[in-house]
Structures are given as structure tokens and as C-alpha cells.
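One structure is given below, encoded as C-alpha cells.
Below, read A as the first sequence line, B as the second, and so on, with proteins coming before strands; counting in each chain starts at 1.
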There are 2 protein chains.
Amino acid sequence: MSKDALPGLTLCNNAMLRRAARKLGQYYDDVLAPSGLKATQQGLLYQIHIGNEPAMGAIAASMIMDLSALGHTLKPLIRDGYVETFADPDDRRIKRVRLTPQGLVKLDEAMKLWHVAQRRFEDVVGRDKAERLRAALDDIAAHDFDLPPAS
Amino acid sequence: MSKDALPGLTLCNNAMLRRAARKLGQYYDDVLAPSGLKATQQGLLYQIHIGNEPAMGAIAASMIMDLSALGHTLKPLIRDGYVETFADPDDRRIKRVRLTPQGLVKLDEAMKLWHVAQRRFEDVVGRDKAERLRAALDDIAAHDFDLPPAS
DNA sequence: TCTGAATAGTGGTATATGCCACTAAATGAA
DNA sequence: TTCATTTAGTGGCATATACCACTATTCAGA
């Protein structure tokens, strides 16, 4: 119905991506709500967990996120005692990140809810289709769209 | 390469969607930068333009965006003189939105840049693949993931 | 060794987005 | 008509995310 009234919206790759991200974000956030974490936070805690005390720059690169944005996003998690940072002894420019014990407990709790959300999503959309979608999204993330420098 | 170090990231539908959205958002924003608009703003101006003086609620619904979020996003566009609002005479709860003449000029300018971004995206990714992706994203946006009420 | 360039983060500012509590307006039932 | 309910937006607050200017470190040459 809404699509009839929106001839052009569905043509923009970026707009469609953002729209789907809002939708899915609200859904995953809903399911994760009992843990007190947003889906973005659960995802970040998980990245930190599976990394080996990753440097901030490494996290930002793998998530294709601006380094300063990562810093901002980390703040509430540090404030709440879920993660802590420490300087790399071999290169003091580098700041590494790890979960605190409470952070690990919270992540465990959130992951249980994440599994619920993930499973229901794949039940509704279909496992194959979900997998193809993730592959397509990974593909996009890997491409280089930079403008060829005019020189 | 980054994927090797990230066994789990690529499994979460929501995380992958957000990651691709960050990547693509940065790209479209880059291309649109000369207009002074962000891709989100260009998309919103376009929605307003193709709507028939749409009500805020109608815009929010079609974009799957929270109504208050829409209100916030609209503010800089109103401040900069690109859009204006007015109460619906038949129902004064309803606030309708339209482009100003300057807004229309700005949208024209931004759409030219949008075409460049869109075309290059489809050159890199492939037109068919892009279309399938948009269809999949539209599909996700249309699904209902609500938890069945426990009753 | 000294110094200029490159690297890693921080802080400020601005937009993007969501939730909640609240107000105003319209509606429907008694 | 009157009042409880529903509908449409607003404003405050919090997180998400980006860019820019700036600082601290490291590194590569001269």
C-alpha cells in the first residue's frame, strides 16, 4: 500500500538500506530490550569479545565505522562498566579494549536474546534468503565506491 | 581479510545491515556533499516532493521512521528554508509538509548528484544485483517480526 | 640526533533516530 | 452535551554516527 504512494523511494539503494536498517534495528532492539542493551551495543560487545583485546582502530575498520564514532559509542558501555580500555605497551598511541567480567555476563545474557531475534527473523524471511542477503550486504561493504580522482 | 578476524559478525542480519548502511551512507553522502545535503536529507526532500503535501505521520509511516525522529530530522531543513509546514484545515491535529521554492531548487541540484551516485553504485555492483537487493530490503521492511503476544 | 610526516585517538559539533511523557484536537459513547 | 479514548505531534533525553581540528606517539630520513 505504502509503496503505491512512493514511486521513487524504492529506487534508491541507500534509502532502501536505511529503511530496512531502521525496521530491523527496531525489531532487534525490542527483543534485546530486557537485557538493557541496544542491538548496536550487543554487536559491539560481541566484536570486542571475539577480538583479542582489539585496538580501537581495528574494531572501527572491521565494522566500517568512523573511529571517533566508535569512541562515542563506547562511552556508555565504559560508563556502565561493561568494557575497559588500556594503552598498548608496545605503542602507546594504540588503545586496546576488553570486556570486564560484568561485561561478559551481560553479553551472555544479550546473546541469548539475540539468538531469539535471529531465529525468528530467519523463520519469517527464510534461512536461505537471509544468508543470501547477508552475503550481498557483505559484498557491498567490501566494494570500493570511491570516485576516481579527477586527475 | 577483515572477515577472517570476524567469525561472528557476518552472521547477524542486523549487524550486517547496519554495516552496509554505514558504508553506503558515507558513499552517497560524499557524492552529495557539494549540494550541502546529506543523503538522508535528500531522500526526505524527495519524499516530501513526491507526496501531495504529505502529513508528517504519512511520511514517517512510508519511511518506517519514528514520528518524533522525523520531526527532529525536519528541523534543520526548516531552519535552512527548504521545507515548511502547515496545519491541515480539516483536522488541525495534522501537520502537512511541503517544499519551499528554494527547497525545490536544492532538491533539483541534489538529485543530479544522486543520479551520479546511484549510477556508479550500479556500475560497481551490477544493475540486476542492485535491483534484487532493493527488492529483498523492501521485503524485509514489509514483514512483521512482532513477537506473538504471549497470551 | 633532530625533525617532518604518518598514525591513533579525543573532543566538539551536527545530524539521525528512538522512546517516553505530555498537549492538543477529534471522536464516540452515555 | 460531556467526558473518556484515540490520534497526531512536540520536546526532552539518550544513543548512533560522521567530520574536523587538535594532541600524542612513532617513524623515517637527513
Side-chain angles (χ1 to χ4, degrees), chain A residues 14-15 17-33 36-45 47 54-61 63-80 82 85-97, chain B residues 14-15 17-33 36-45 47 54-61 63-80 82 85-97:
Chain A
N14 186 47
L17 198 47
R18 295 189 80 86
R19 195 169 76 125
R22 283 192 293 269
K23 171 87 172 196
L24 213 50
Q26 288 176 33
Y27 164 61
Y28 275 77
D29 277 356
D30 274 354
V31 179
L32 280 170
L37 294 179
K38 313 290 236 49
T40 45
Q41 299 179 317
Q42 171 267 329
L44 182 49
L45 288 188
Q47 284 309 299
M56 289 190 55
I59 300 173
M63 297 182 76
I64 313 184
M65 174 180 288
D66 184 89
L67 180 57
S68 76
L70 174 61
H72 295 315
T73 302
L74 230 32
K75 266 178 200 158
L77 296 172
I78 293 170
R79 177 201 59 200
D80 295 341
Y82 298 142
T85 59
F86 59 102
D88 183 312
D90 293 332
D91 184 341
R92 281 175 311 172
R93 287 173 304 181
I94 295 177
K95 188 194 270 190
R96 296 188 174 278
V97 189
Chain B
N14 185 48
L17 198 46
R18 295 189 82 86
R19 194 169 76 125
R22 284 191 294 269
K23 171 88 172 196
L24 214 51
Q26 288 176 33
Y27 164 61
Y28 274 76
D29 277 356
D30 274 354
V31 179
L32 280 170
L37 294 179
K38 312 290 235 51
T40 45
Q41 298 178 318
Q42 172 268 330
L44 182 49
L45 288 188
Q47 284 308 298
M56 289 191 54
I59 300 172
M63 296 182 78
I64 313 184
M65 176 181 286
D66 184 90
L67 180 57
S68 76
L70 174 62
H72 297 316
T73 302
L74 230 32
K75 265 178 200 158
L77 295 171
I78 294 171
R79 178 201 59 199
D80 296 340
Y82 298 142
T85 61
F86 58 102
D88 183 312
D90 295 331
D91 185 340
R92 282 175 310 172
R93 288 173 305 181
I94 295 175
K95 188 195 271 191
R96 296 188 174 277
V97 189

Atom [atom1] of [X] to atom [atom2] of [N]: distance rounded to whole Å?
| X | N | atom1 | atom2 | result |
| --- | --- | --- | --- | --- |
| B:M56 | D:dG11 | CE | C1' | 12 Å |
| B:I78 | C:dT15 | CD1 | P | 13 Å |
| A:K75 | D:dC13 | NZ | C1' | 17 Å |
| B:L32 | C:dA16 | CG | C1' | 16 Å |
| B:F86 | D:dA8 | CZ | C1' | 15 Å |
| B:I94 | C:dA26 | CD1 | C1' | 10 Å |

Margin query: Give me the atom names and distance for the closest heavy-atom approach of A:R19 to B:M63.
Written below: CG-O, 3.3 Å
Item checked: Over all atoms of both residues, closest heavy-atom pair of A:L70 and A:A60 ->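 Shortest heavy-atom contact: CD2-N, 3.8 Å.
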Note to self: Among residues at least two apart in sequence or on other chains, which ones pass salt bridge (Lys or Arg N to Asp or Glu O under 4.0 Å) with A:D88?
What the structure shows: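 Here the qualifying residues are A:R96.
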Notebook entry, point to check: In chain order, what residues pass the salt bridge (Lys or Arg N to Asp or Glu O under 4.0 Å) check against B:R92, with sequence neighbours excluded?
Noted result: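 Checked B:R92 against salt bridge (Lys or Arg N to Asp or Glu O under 4.0 Å); zero matches.
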Check: Does A:D29 use its side chain to pair, donor to acceptor, with the backbone of A:K38 at less than 3.5 Å?
Finding: no
Within the sub-3.5 Å range, which N or O atoms of nucleotides 3-6 of chain D have a protein N or O partner, and how far apart are they?
none

Notebook entry, point to check: Start at the 5' end of DNA chain D and walk down; is the nucleotide closest to B:G71 or to A:D91 reached first?
Noted result: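 The residue mapped nearer the 5' terminus is B:G71.
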Check: Considering residues at least two apart in sequence or located in another chain, which fulfil the side-chain hydrogen bond (donor to acceptor under 3.5 Å, both in side chains) criterion with A:Y28?
Finding: A:Q118, B:N13
Margin query: Protein within reach of the bases, or only the backbone? For nucleotides 15-22 of chain D, mark each nucleotide 5' to 3' as B, S or -, using heavy atoms under 4.0 Å.
Written below: SSBBBB--
Note to self: Checking A:L77 now: which residues fulfil side-chain contact (heavy atoms from CB on, under 4.5 Å) with it, not counting sequence neighbours?
What the structure shows: A:L37, A:Q41, A:L44, A:L45, A:L74, A:Y82, A:V83
Item checked: Evaluation steps, side-chain contact (heavy atoms from CB on, under 4.5 Å), between A:R22 and A:R18 -> CA-CA 6 Å; A:R22 283 192 293 269; A:R18 295 189 80 86; 4.0 Å; yes
Next item on the list: Sort and list the pairs that fulfil side chain to side chain donor-acceptor pair (under 3.5 Å) and have at least one residue in residues 67-77 of chain B, not counting sequence neighbours.
Entry: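 Side chain to side chain donor-acceptor pair (under 3.5 Å) check on residues 67-77 of chain B returns B:D66-B:S68.
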Margin query: Taking 4.0 Å as the cut-off, does a side-chain nitrogen or oxygen of A:R92 come that near to OP1 or OP2 on D:dT26?
Written below: yes
